[in-house]
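All remarks here apply to the structure that follows.
Source: prediction; values computed, not measured. Just the heavy atoms: all of them, side chains too, but no hydrogens, waters or symmetry mates, feed the values below. Start at 1 with the first residue, then count along the sequence.
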Amino acid sequence: LLTVTTTGIAQESTGSQSASYRQVVSANPFGWILLPWYNAEYERRVAERITVALSGSEIDWGDGGGFYSVNAAFRYYPSGTPFRGFYLGPRIGVFWESPGLDDVELSRYDAEAGFGPRLGLGFEMGYAWLLGAERHLSISVGGGATRIFDSTPIPVIRLVNVGWAF
């Protein structure tokens with residue numbers, strides 16, 4: 001029992017270093033490799049348990065069309081250590097779909113046809129790790145949903161983001 005307690009305390013003390021990091025920059029490398037799906041994110045600690053994240057993503061449909069988004073998220077880390085452990089929180093963003101010019105006449109390229117920027121509100125949750133001796137390597141997964149106003153909800157997928165904490 002003493003060995004297990006000592007190991008637990010030692011693990012907790014090494015994690016305290018990660019609390020001093022102020023920000024994480026990350027992206028999804030698997031989206032770049034496997035799909036025409038690009039995303040990047042910047043997350044910054046603003047309080048003991050709260051971070052703010054800014055992200056952007058693009059999914060290319062081909063023929064000049066695609067789906068694009070720019071989001072801001074507030075993340076609450078109940079464990080008290082930002083960038084590590086379970087997180088959840090609201091998000092707000094601007095989403096737009098661009099048709100391929102081969103598929104849709106240019107005159108239909110407007111908000112009434114379902115294209116152009118739209119505001120959305122949502123919720124996400126996930127889990128984040130800081131790995132390595134100095135705990136700089138960030139890996140996170142998660143998901144959620146966003147309701148785009150005057151449209152249908154869309155899933156929020158954080159397949160695997162890999163980044164750097166500093």
Side-chain angles (χ1 to χ4, degrees), residues 7-61 65-98 116-166:
T7 304
I9 292 170
Q11 288 177 350
E12 191 63 35
S13 66
T14 60
S16 63
Q17 179 183 2
S18 66
S20 66
Y21 297 139
R22 304 281 306 156
Q23 51 214 349
V24 172
V25 176
S26 65
N28 178 354
F30 299 106
W32 292 345
I33 296 168
L34 300 174
L35 303 168
W37 173 26
Y38 311 101
N39 80 324
E41 181 174 274
Y42 172 77
E43 185 176 6
R44 182 167 179 86
R45 181 168 53 114
V46 294
E48 182 180 339
R49 299 172 186 253
I50 299 172
T51 64
V52 174
L54 300 173
S55 64
S57 63
E58 172 189 350
I59 300 173
D60 187 12
W61 302 143
F67 182 80
Y68 310 91
S69 69
V70 176
N71 295 279
F74 291 93
R75 293 186 180 143
Y76 173 69
Y77 288 83
S79 67
T81 307
F83 316 122
R84 289 186 56 206
F86 177 74
Y87 65 84
L88 59 105
R91 60 188 298 121
I92 185 169
V94 177
F95 304 84
W96 63 95
E97 183 177 357
S98 172
R118 297 194 183 247
L119 185 64
L121 289 173
F123 187 81
E124 70 173 348
M125 60 183 159
Y127 201 89
W129 295 268
L130 289 176
L131 305 174
E134 299 291 322
R135 297 197 185 271
H136 284 288
L137 179 63
S138 170
I139 297 178
S140 59
V141 297
T146 296
R147 168 67 72 172
I148 298 176
F149 296 130
D150 299 331
S151 189
T152 60
I154 60 169
V156 174
I157 300 170
R158 185 183 192 84
L159 185 59
V160 175
N161 267 33
V162 177
W164 193 256
F166 55 99

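The minimum heavy-atom distance between Ser79 and Arg49, with the atom names listed, is C-NH1, 3.9 Å. Shortest non-hydrogen contact noted between Phe83 and Arg45 is CZ-N, 3.8 Å.
Looking only at distances, no side-chain donor or acceptor of Arg118 sits under 3.5 Å from a matching main-chain atom of Phe95. In this structure, Asn39 contributes its side chain and Asn28 its backbone to a donor-acceptor pair below 3.5 Å. Under a 3.5 Å cut-off, the side chain of Arg135 and the backbone N or O of Leu130 do form a donor-acceptor pair.
The environment of CZ in Phe30 is sparse: at most 12 heavy-atom neighbours from other residues, nucleotides or ligands sit within 6.0 Å. The neighbour count for Phe67 CZ, taken as heavy atoms of other residues, nucleotides or ligands under 6.0 Å away, is above 12.
For the atom pair OH of Tyr68 and CD of Glu97, the computed distance is 9.5 Å after rounding to the nearest 0.5 Å. In this structure, the separation between CG on Leu88 and CZ on Arg75 is 10.5 Å, given to the nearest 0.5 Å. Atoms CH2 and CD1, from Trp129 and Ile139 in turn, are 8.0 Å apart once rounded to the nearest 0.5 Å.
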Mind listing the side-chain donor-acceptor pairs of residues 156-166 below 3.5 Å, one per line with the distance, residues two or more places apart or on another chain?
from, atom 1, to, atom 2, distance (Å)
Arg158, NE, Tyr87, OH, 3.4
Arg158, NE, Ser140, OG, 2.8
Arg158, NH1, Glu41, OE1, 3.0
Arg158, NH1, Glu41, OE2, 3.1
Arg158, NH2, Glu41, OE2, 2.7
Arg158, NH2, Ser140, OG, 2.9
Asn161, ND2, Ser26, OG, 3.2

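Contacts classified as side chain to side chain donor-acceptor pair (under 3.5 Å) and involving residues 141-151 (residues at least two apart or in different chains) are not found.
Put simply, the side chain of Tyr77 does not reach to within 4.5 Å of the side chain of Arg84, judged on heavy atoms. Between Val70 and Trp96 the shortest side-chain heavy-atom distance falls below 4.5 Å. Between Phe86 and Pro78 the shortest side-chain heavy-atom distance falls below 4.5 Å.
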